[in-house]
Amino acid sequence: MSGLVLKLNPKERVLVNGAVIENGDRRSRLSIITPNANILRLRDAIRPDEVTTPVRRVCYIAQLVLSGDVEERDAQFQIMRGIEQLSQALRDDDSRQHLTAATNAAEKCDFYRSLKALRNLLPREARLLAGHQA
């Protein structure tokens, strides 16, 4: 069986196709077998007031699709444009791999995988911005 496997902690919440689901009192595993289901672990969600950097902005757009707040077609264009802008600044091989993965996923409207690839860039962006402010 293929698909996404979510490992949830007690009382952890996850958004599945716009519905918030809360785990019970024990750890559990959920297998999502429906292709193209929109999944967002709420502990990983970026809040609107946290959208303060370029990578966070693109992640937030992908997140809005997963929460059902933005149409896929509109978000796809914005994500692709955002990735293009990020590729002008993040030029190292590792960043390029994540940006390529995010692009490929966004082209297929796989916004979960696009968000996952983009989130890998958050620590790098934080280091770059911290070095710039010093």
Side-chain angles (χ1 to χ4, degrees):
M1 177 170 67
S2 64
L4 177 66
V5 176
L6 294 175
K7 296 176 184 174
L8 301 174
N9 292 321
K11 300 295 182 186
E12 185 172 0
R13 292 179 177 180
V14 63
L15 190 71
V16 179
N17 288 341
V20 176
I21 298 171
E22 183 176 80
N23 190 27
D25 294 330
R26 295 184 180 165
R27 292 180 58 99
S28 63
R29 281 176 64 149
L30 295 175
S31 296
I32 310 298
I33 56 175
T34 302
N36 302 319
N38 290 325
I39 311 291
L40 178 63
R41 191 182 300 261
L42 293 182
R43 73 174 183 203
D44 296 333
I46 298 172
R47 310 289 186 264
D49 61 326
E50 297 172 336
V51 183
T52 57
T53 66
V55 175
R56 284 181 173 272
R57 182 180 58 80
V58 181
C59 286
Y60 188 70
I61 295 166
Q63 179 181 297
L64 288 175
V65 174
L66 297 176
S67 67
D69 292 319
V70 173
E71 292 293 324
E72 287 185 2
R73 179 70 84 202
D74 297 334
Q76 185 182 37
F77 175 76
Q78 291 179 30
I79 290 168
M80 297 299 282
R81 188 174 66 193
I83 290 170
E84 176 61 31
Q85 292 169 352
L86 291 173
S87 70
Q88 300 302 313
L90 301 172
R91 304 182 80 125
D92 61 283
D93 289 338
D94 189 49
S95 294
R96 292 275 184 197
Q97 288 177 350
H98 293 302
L99 290 168
T100 299
T103 298
N104 292 339
E107 286 174 343
K108 297 174 187 169
C109 293
D110 187 348
F111 297 102
Y112 178 82
R113 294 207 193 303
S114 186
L115 175 60
K116 187 176 176 183
L118 289 165
R119 286 186 68 82
N120 288 317
L121 298 171
L122 290 171
R124 177 169 290 113
E125 179 186 50
R127 285 191 306 273
L128 289 169
L129 293 174
H132 186 270
Q133 293 172 353

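Positions are given from 1, in the same order as the sequence printed here. Remember, predicted model here, so these are calculated numbers, not experimental data.
Clustering ILVMFWY residues whenever any of their side-chain heavy atoms sit less than 4.5 angstrom apart, transitively, puts V16 in the very cluster that holds V65. In the hydrophobic clustering of ILVMFWY residues, with side-chain heavy atoms under 4.5 Å counting as a link, M80 and Y112 come out apart. Under a hydrophobic-cluster definition in which Ile, Leu, Val, Met, Phe, Trp and Tyr are linked whenever side-chain heavy atoms come within less than 4.5 Å, directly or via other members, V20 and I32 are assigned to the same cluster.
Residues satisfying the salt bridge (charged side-chain N to carboxylate O under 4.0 Å, His left out) criterion with E22, sequence neighbours excluded, are R13. Applying the salt bridge (charged side-chain N to carboxylate O under 4.0 Å, His left out) rule to D69 yields no partners; only residues at least two apart in sequence or on another chain are considered.
Formation of a donor-acceptor pair under 3.5 Å by the N17 side chain with backbone atoms of N38 is found in this model. At least one donor-acceptor pair under 3.5 Å links the side chain of T100 to the backbone N or O of R96. Formation of a donor-acceptor pair under 3.5 Å by the E125 side chain with backbone atoms of L122 is not found in this model. Remark: side-chain polar atoms of N23 are paired, donor with acceptor, to backbone N or O of R26 under 3.5 angstrom. Side-chain atoms of D92 come within 3.5 Å of backbone N or O of S95 as a donor-acceptor pair. Remark: side-chain polar atoms of E50 are paired, donor with acceptor, to backbone N or O of R47 under 3.5 angstrom.
Between Y60 and P48, the shortest heavy-atom distance links the atoms OH-CG, 3.3 Å. The minimum heavy-atom distance between P54 and L86, with the atom names listed, is CB-CD2, 3.7 Å. L90 and L99 get closest at one heavy-atom pair: O-CD1, 4.0 Å.
Taken from CD1 in I21 to CG in L8, the straight-line distance is 9.0 Å, to the nearest 0.5 Å. Here the OG atom belonging to S114 is positioned 4.5 Å from the CD1 atom belonging to I83, to the nearest 0.5 angstrom. In this structure, NZ on K116 lies 7.5 Å from CG on L4, to the nearest 0.5 angstrom. For the atom pair CG (L121) and NE2 (H98), the distance works out to 6.0 Å, reported to the nearest 0.5 Å. Distance CD/E72 to CG/L66: 9.0 Å, rounded to 0.5 Å. Considering NZ of K11 and CZ of R27, their distance stands at 15.5 Å, rounded to 0.5 Å.
Summarising the local packing, CG of D93 is surrounded by 12 or fewer heavy atoms from other residues, nucleotides or ligands at distances under 6.0 Å. Shown here is R113, whose CZ atom has no more than 12 heavy atoms of other residues, nucleotides or ligands within 6.0 Å. Around the CD atom of Q88, the shell of radius 6.0 Å holds more than 12 heavy atoms that belong to other residues, nucleotides or ligands. Annotation: R43, atom CZ; neighbour count of heavy atoms from other residues, nucleotides and ligands within 6.0 Å is above 12.
V5 has its side chain out of reach of L30: every pair of non-hydrogen atoms, C-beta onward, lies at least 4.5 Å apart. Residues R124 and D94 form a side-chain contact, since some pair of their non-hydrogen atoms from C-beta on lies under 4.5 Å apart. Within the 4.5 Å cutoff, side-chain heavy atoms of R73 are placed close to those of Q76. Counting heavy atoms from C-beta on, the side chains of R119 and I46 come closer than 4.5 Å. In this structure the side chain of I61 never reaches within 4.5 angstrom of the side chain of V70, judged on heavy atoms. Counting heavy atoms from C-beta on, the side chains of L42 and L15 come closer than 4.5 Å.
Each of L115, I79, D44 was scored for a side-chain contact (heavy atoms from CB on, under 4.5 Å) with C59, with one residue passing: L115.
For the 3.5 Å distance criterion, the side chains of Q78 and R57 fail to qualify, holding no donor opposite an acceptor.
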### Query
What's the verdict on side-chain contact (heavy atoms from CB on, under 4.5 Å) for L6 and R29, showing C-alpha distance, side-chain angles and the deciding distance?
CA-CA 6 Å; L6 294 175; R29 281 176 64 149; over 6 Å; no
